[in-house]
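Structure first, commentary second.
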Amino acid sequence: MFDLKEVKEAHTEVKTGADFPKYVQALITLGVKKYNTYVNDGHTLFFGEDDYQIQSERKYAKLTIANISDKERFKHFLKSHQRGQTDYPTFCNNAAATGVEKWTVDMSRMTCTYYDKLNNKMLEEQIPTP
């Protein structure tokens, strides 16, 4: 099974949102099946085979998630991030401001799905192959 040290090593290769597909491929190689990242403090829960789970530490000071989600504004921020125009902290602040509570990356479906505070799906995207 994978451990947090291996996950962190894979993450060191991520400089912008444009590097995300390569990161997902590295996690698949480690045995990660799915993960949830929580925008409020950046911690992530990783899932593997046979109910295996590990949780990362928080990444930053607590953010306030907007009560009302703004899907269209979030899509604009996401596209900018995917083009490498924003760094991760900026993306997380933008996600919080537009009501994103978490995102789930599902390796079997190769999707990244963003959810609001009520667990409503705001956006689901296919993860491109690097």
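All figures in this text were calculated on a predicted structure; none of them were measured in a lab.
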Who passes salt bridge (charged side-chain N to carboxylate O under 4.0 Å, His left out) against Lys75, sequence neighbours left out? Glu72

List in chain and number order the residues that pass side chain to side chain donor-acceptor pair (under 3.5 Å) with Ser69, two or more places apart in sequence or in another chain; answer none if no residue qualifies. none

Applying ring-ring contact (aromatic ring centres under 6.0 Å, His included) to Tyr60 and not counting sequence neighbours gives none

Where the side chain of Asp50 meets the backbone of Tyr52, is there a donor-acceptor pair that is under 3.5 Å apart? no

Under the side chain to side chain donor-acceptor pair (under 3.5 Å) test, residues paired with Lys33 that sit two or more places apart: Glu49

May I ask whether Phe20 and Leu45 are part of the same hydrophobic cluster, defined by side-chain heavy atoms of I, L, V, M, F, W, Y residues being less than 4.5 angstrom apart, directly or through others? no

Does Phe47 have any ring-ring contact (aromatic ring centres under 6.0 Å, His included) partners at least two apart in sequence or in another chain, and if so, which? none

Quick one: OG1 on Thr98 to CD1 on Ile68, what's the gap to the nearest 0.5 Å? 12.5 Å

What pairs with Asn67 under side chain to side chain donor-acceptor pair (under 3.5 Å), at least two apart in sequence or on another chain? Lys117

Could you pull out every donor-acceptor pair under 3.5 Å between side chains of residues 88-96 and any protein atom, sequence neighbours left out?
residue : atom : partner : partner atom : Å
Thr90   : OG1  : Asp87   : OD1          : 2.6
Asn93   : ND2  : Pro89   : O            : 2.9
Asn94   : ND2  : Thr90   : O            : 3.4

Quick one: list whatever passes side chain to side chain donor-acceptor pair (under 3.5 Å) with Asp3, sequence neighbours left out. none

Suppose we screen for ring-ring contact (aromatic ring centres under 6.0 Å, His included). Which residues come up paired with His76, at least two apart in sequence or across chains? none

Identify whether Tyr115 and Met110 are in the same connected component of the hydrophobic contact network (ILVMFWY, side-chain heavy atoms under 4.5 Å). no

Considering residues at least two apart in sequence or located in another chain, which fulfil the ring-ring contact (aromatic ring centres under 6.0 Å, His included) criterion with Tyr114? Phe74, Trp103

Listed once per pair and sorted, the salt bridge (charged side-chain N to carboxylate O under 4.0 Å, His left out) pairs that draw on residues 119-128, sequence neighbours left out: Lys79-Glu125, Arg109-Glu124, Lys121-Glu124

Within the side chain of Ser56, is there an N or O that forms a donor-acceptor pair under 3.5 Å with the backbone of Thr44? yes

Enumerate the salt bridge (charged side-chain N to carboxylate O under 4.0 Å, His left out) contacts for residues 59-70, please, sequence neighbours excluded, ordered by first and then second residue. Glu57-Lys59

Side-chain heavy atoms nearer than 4.5 Å, only ILVMFWY residues, links allowed to pass through others: does that put Leu30 and Val24 together? yes

